[in-house]
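Please find one structure pasted underneath; my questions will follow.
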There are 2 protein chains.
Amino acid sequence: MAAEEFLLDRQLCFRLYTASRLLTQAYHPLLSAQGLTYPQYLVLLVLWEKDAQPVNDIAKRLLLETNTVTPLLKRMEAEGILTRRKGEKDARQMIVSLTPKGKNLQKELKDVPATVGSAVLCKEVTPETVPGLFTTLDGIIGQLSNKQHEF
Amino acid sequence: MAAEEFLLDRQLCFRLYTASRLLTQAYHPLLSAQGLTYPQYLVLLVLWEKDAQPVNDIAKRLLLETNTVTPLLKRMEAEGILTRRKGEKDARQMIVSLTPKGKNLQKELKDVPATVGSAVLCKEVTPETVPGLFTTLDGIIGQLSNKQHEF
DNA sequence: CTTATTTGTATCGTTCACGATGCAAAGATA
DNA sequence: TATCTTTGCATCGTGAACGATACAAATAAG
């Protein structure tokens, strides 16, 4: 009944969607042990690279909208992981900074990248094939975030 | 401040997560024109391949839990896209079947795969590179869905 | 034939995603 | 200076995801 182009096994998006969900699930036990979710972990990665950033910079880095990031940051603030204060130069900005607890989480989580990395290793995913995968995914992301593709 | 392994640009998961979100967003204008969401479109792909399946079979095919699929199916039932009826052989099952409206959606959506497909084409994503990408993603999915990886 | 276990769905609560909208501060224009 | 536009963030509503839990039908064990 289904035409060729509708076969689930031919869909790139379904594969990306599934791989993304399953890999996020792999992070779950490691992160929830520290009371974190995966998107919250991404915020930590951004702030560990550069502390004290406005909401907008964090959102842009993660390619998310502020209406996704704002509630996320509020929950993390309630957990004592970070603080949010009005910008001094620009009063519209909210500057997000790590608390000592937020900075310390890096030590608690130091084995996470390697642990998850080893979980995906298999015949098709090796230190040799990953760089190519990165390049391809970056191509997709670049193409779609350009919005030059609008129909 | 951040150690090498925590750099956002080195994370496979962030790339998958972002590529998945952006590609799903690319579907949005095409699907919402028919009142559909992307996960609902996936359910249609499954049912177009084989009509009248129990909830569990649909969930397994999509690698989702029934607690995700059940509400989704109920919304689609409310839209008149499909019907849910108790199984005759096994009264625990709910057999999901397409309505004429659900079957007709395939015609309305026939250009969707090609349209989205063309949206991702770029230097890094070509008819030559996509099969390799499929293989790698299938490897990741196979590895993680096996649950042999449990920490 | 009971009782125990497994299986198939559903319900509930929390946290994203994200379109739509609101609003105040900052910057541009008249 | 007064008005207009843009920018940065927030609020709201809806629909996923998913862990935890509940429950009835089917199956297995006694």
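So you know, we letter chains A, B, ... as the sequences are listed, proteins then strands, and number each from 1. Just so you know, these numbers come straight off a predicted model, no measurement behind them.
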Are OP1 or OP2 of dT7(D) and a side-chain N or O of Gln93(A) less than 4.0 angstrom apart?
no

Have a look at Val43(A) and tell me which of Ile81(A), Leu36(A), Thr37(A), Leu62(A) forms a side-chain contact (heavy atoms from CB on, under 4.5 Å) with it.
Leu62(A)

Tested for side-chain contact (heavy atoms from CB on, under 4.5 Å) against Arg21(A), the lone hit among Thr24(A), Thr18(A), Leu23(A) is Thr18(A)

Rounded to whole Å, please give me the gap between CG in Leu62(B) and P in dC18(D).
12 Å

The residue, Val55(B) or Leu63(A), whose nearest nucleotide of DNA chain C is more 5′ is Val55(B)

May I ask you to check whether over 12 heavy atoms, not counting those of Lys101(B), lie within 6.0 Å of atom NZ?
yes

More 5' along DNA chain D: Lys60(A) or His28(A), using each one's nearest nucleotide?
Lys60(A)

Does OP1 or OP2 of dG8(D) have a side-chain N or O of Asn56(A) closer than 4.0 Å?
yes

Using only side-chain N and O atoms of Arg75(B), determine if any of them is under 4.0 Å from OP1 or OP2 of dA16(D).
yes

Of Ala91(A) and Leu64(A), the one whose nearest nucleotide on DNA chain C sits closer to the 5' end is Leu64(A)

Take the protein atom CE of Met94(B) and the nucleotide atom C1' of dA25(D), then report the distance between them rounded to whole Å.
14 Å

Non-hydrogen side-chain atoms of Leu30(B) and Leu109(B) separated by less than 4.5 Å
no

Separation of dC18(D) atom P from Leu72(B) atom CG, nearest Å, is 12 Å

Leu42(B) CG - dG15(D) C1' separation (whole Å)
14 Å

Atom CD of Glu65(A) and atom C1' of dT7(D) are separated, to the nearest Å, by 14 Å

How is Asp90(A) classified with respect to the nucleic acid when contacts are heavy atoms under 4.0 Å: base, sugar-phosphate, or nothing?
sugar-phosphate

Between Lys74(A) and Arg84(A), is any pair of side-chain heavy atoms under 4.5 Å apart?
yes

Base, sugar-phosphate or nothing for Lys74(B)? Non-hydrogen atoms, less than 4.0 Å.
sugar-phosphate

Could you pull out all residues at least two apart from Arg61(B) that satisfy salt bridge (Lys or Arg N to Asp or Glu O under 4.0 Å)?
Asp9(A), Glu49(B)

Distance below 4.0 Å between Thr68(B) side-chain N/O and dA16(D) OP1 or OP2:
no

Report the distance from atom CG of Leu73(A) to atom P of dC9(D), rounded to the nearest whole Å.
10 Å

What's Pro71(A) touching, base or sugar-phosphate or nothing? Going by heavy atoms closer than 4.0 Å.
nothing

dA16(D) OP1/OP2 closer than 4.0 Å to side-chain N/O of Thr37(B)
yes

Do Asn104(B) and Lys107(B) have side-chain N/O donor and acceptor atoms under 3.5 Å apart?
yes

Please give me the minimum heavy-atom distance between Thr129(A) and Glu124(A), naming the atom from each residue.
OG1-O, 3.1 Å

Side-chain N,O (Arg84(A)) to OP1/OP2 (dA10(D)) below 4.0 Å
yes

Calculate the interatomic distance between Gln40(B) atom CD and dG15(D) atom C1'; express it in whole Å.
8 Å

Need two values: the first and the last nucleotide of DNA chain C, 5' to 3', having an atom under 4.0 Å from any heavy-atom of chain B.
dT7(C) to dG19(C)

Rounded off to whole Å, could you give me the CZ-to-C1' distance for the Arg92(B) and dA22(D) pair?
15 Å

So, OP1 or OP2 of dA17(D): does either fall under 4.0 Å of a side-chain N or O from Tyr17(A)?
yes

